[in-house]
Asks: 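What follows is a structure written as structure tokens; I'll ask about it next.
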Amino acid sequence: MTSVIATGLVQQFDEAGVFGPADVHTAQQLAFLGGATDPRVALAIALAVRAVRGGSVCIDLATVRDAVFESDETQVDVASLPWPDTAEWLECLRSTPLVSIGHDGPAGRPLRLDGTLLYLERYWRDEQLVRTDVAIRRSTPRAGLDLAGVTATLRQVFPRVEGPDGLAAGEPDHQLAAAATAVATRLCVLQGGPGTGKTSTIAKILVVLATHEPDLHIGLAAPTGKAAARMGEAVKEALAHVGTADPAVVERLGRLHATTLHSLLGWRRDSTTRFAHDRTLPLPYDVVVVDEMSMVSLSLMARLLEATRPDARLVLVGDPDQLASVEAGAVFSDIGALARAQEPTGLGMAATRDLLVRLVDPVDLPAVARPGVVELAHNWRFADQGRIAQLARAVRDGDPAAVGALLDSLGPDDNVTFTPITRGLQDPAYGSLRERLETWGGELEHRARLGDAEGALAVLDRHRLLCAHRRGPAGVATWNRLARTWLRRGADELTSIGEPLMATRRDRALQVFNGDVGAIVATPTGPRLALADPHGTSVRHLSPMQLSGLVPMYASTVHKAQGSQFEAVSVVLPEADSPLLTRELLYTAITRASRSVHLYGSREALMTAVTRRANRASGLAIVRD
Ligand SMILES: Nc1ncnc2c1ncn2[C@@H]1O[C@H](COP(=O)(O)OP(=O)(O)OP(=O)(O)O)[C@@H](O)[C@H]1O
């Protein structure tokens, strides 16, 4: 949409489709209020505002012209636009009172220029807070540990098993290293792909901590309701397998519930960006564990760090290769990248390392070389997942040759299929997808007609069709329409028995979250929406009329499926030139599946996804002195 008030350079970029009305409005207002008459200043501000909408926390003025710009899910051609010369652009920004320069520049200005990175001040502050807090937590060793006792518990909970079903000879036990880190410092960033044992390690970390500090107050959280419910269940399940642990400790830990991160921090009626718990009223927990961290934005991470007592332990768990938060920042992956790039120097780091070295075996030392950050690499679910794990790894590594070789070697019994699509929506090759949707939708309707709400919700987890786009031929809306036609669903989605529905708005009173998924089931009082309760432990029935923003959910975007897992996943790839097609998107889609993955699209689109990174500008992963 073109804004009427755009002028000058901003107008030219706006007409090309780079900006939305809010970008233009904010830029022109700020430039006016700050007396900035140079049109390059307004352009830089509009780009910085726009960047946040696109998931970046800043713009790099030296490279912004090469970034991929997207408007309404299509790519905008920016090559022919009149980009200012970088050096002159920086110079004119340095001379405006709207911009604070460098780390020592004054507070209170709306923008900050840090090298060639231009931030809205709020995001720069959040980034500094995260950088500083993470560094302090990583390099503050815990005093007064019972070293002999903790070491013995670590060995008991993580017995070293070598062999075909265990670690290779000489392979460090990263899970034990993560637990040692959680004990010895105030931050354990635990990163790993699916099946690397993140949940098992969370359970074991809690057992080790609770064995030595029985009164420990523990908070568990994840970014979405669904992810929190999964985390709670998975941790309980994993606790049952911590073989040698004290049953009383396990029993107590089994009573923990996971909540959403927003609930943990405490909603505030007067603010959507601030929470009840902050530096002045920190969380009451001694240990805070957050799962699915890739979905956490920079600002939410900053609020979490502020709200966690400096002496409390923070365990942050997730897969850094997944899509980042829908809001700005890729903070979880940036923290890992910074730890890998930066030498762990300084007295605090040395002291933390010394402590870690005493807790682990010599073979495990490489796993604690970067205190505070541990990457799990061993896939323990490999045997079950076979091809899915291979495909996920090849995609994660951005290796098109490996992806191509894997596709070419697929046999009829493999749990990964790739169906080339060359004729758009009418392509008969979509027949297998139609069959899958019909089987799944039929089973859903069957359960729903019986009034079997739990059964219907279980069916929802058996299959998910994933799209990159919301609109267009490869978009969610199109596929929802197609699926409804194939399944001959009634016109009214809210009363059609067996209709899968997704909430697109939060309803605080009813405790329904954006992204919650349910199904219309028959009840003696008419069709009702069956939905899992916020803890995921029981099913409740709501009148669908009580909720606004319910949409059919035969298909969803990959973003909406993050934090959930399904037995089978079908992925409809967009055209190769789609700006949404990235490695992170494809990897996230594939790793939603526990049993089978079915890809539809052109080979070109698939290979483009493998090679193209999601571009999220931030300064967090940059090493500073
Ligand atoms: N050290 C280990 N030895 C043997 N089996 C393990 C080990 N760690 C994890 N497992 C097993 O591997 C499987 C995957 O573990 P887990 O669910 O903890 O992984 P995850 O990283 O949380 O996976 P996802 O992200 O897919 O949920 C489980 O069956 C678990 O019992």
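Values below: all heavy atoms of this structure, side chains included; hydrogens, waters and symmetry mates excluded. Order of listing sets the numbers, starting from 1, for every ligand and every atom in it.
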Asks: Could you pull out the closest heavy-atom pair between Met607 and Thr611, with the gap in Å?
Replies: O-OG1, 2.9 Å
Asks: Are the ring centres of Tyr285 and His217 closer than 6.0 Å?
Replies: yes
Asks: Tell me whether the count of non-hydrogen atoms from other residues, nucleotides or ligands lying under 6.0 Å of CD in Glu454 goes above 12.
Replies: no
Asks: For atom CD of Glu237, is the number of surrounding heavy atoms from other residues, nucleotides or ligands below 6.0 Å larger than 12?
Replies: no
Asks: Under a 4.0 Å heavy-atom cut-off, which residues neighbour ligand 1?
Replies: Gln175, Gly193, Pro194, Gly195, Thr196, Gly197, Lys198, Thr199, Ser200, Arg230, Trp380, Arg381
Asks: Regarding Asp533 and Ser538, do their side chains bring together a donor and an acceptor under 3.5 Å, going by distance alone?
Replies: yes
Asks: What's the spacing between Met293 CE and Lys198 NZ if we round to 0.5 Å?
Replies: 13.5 Å
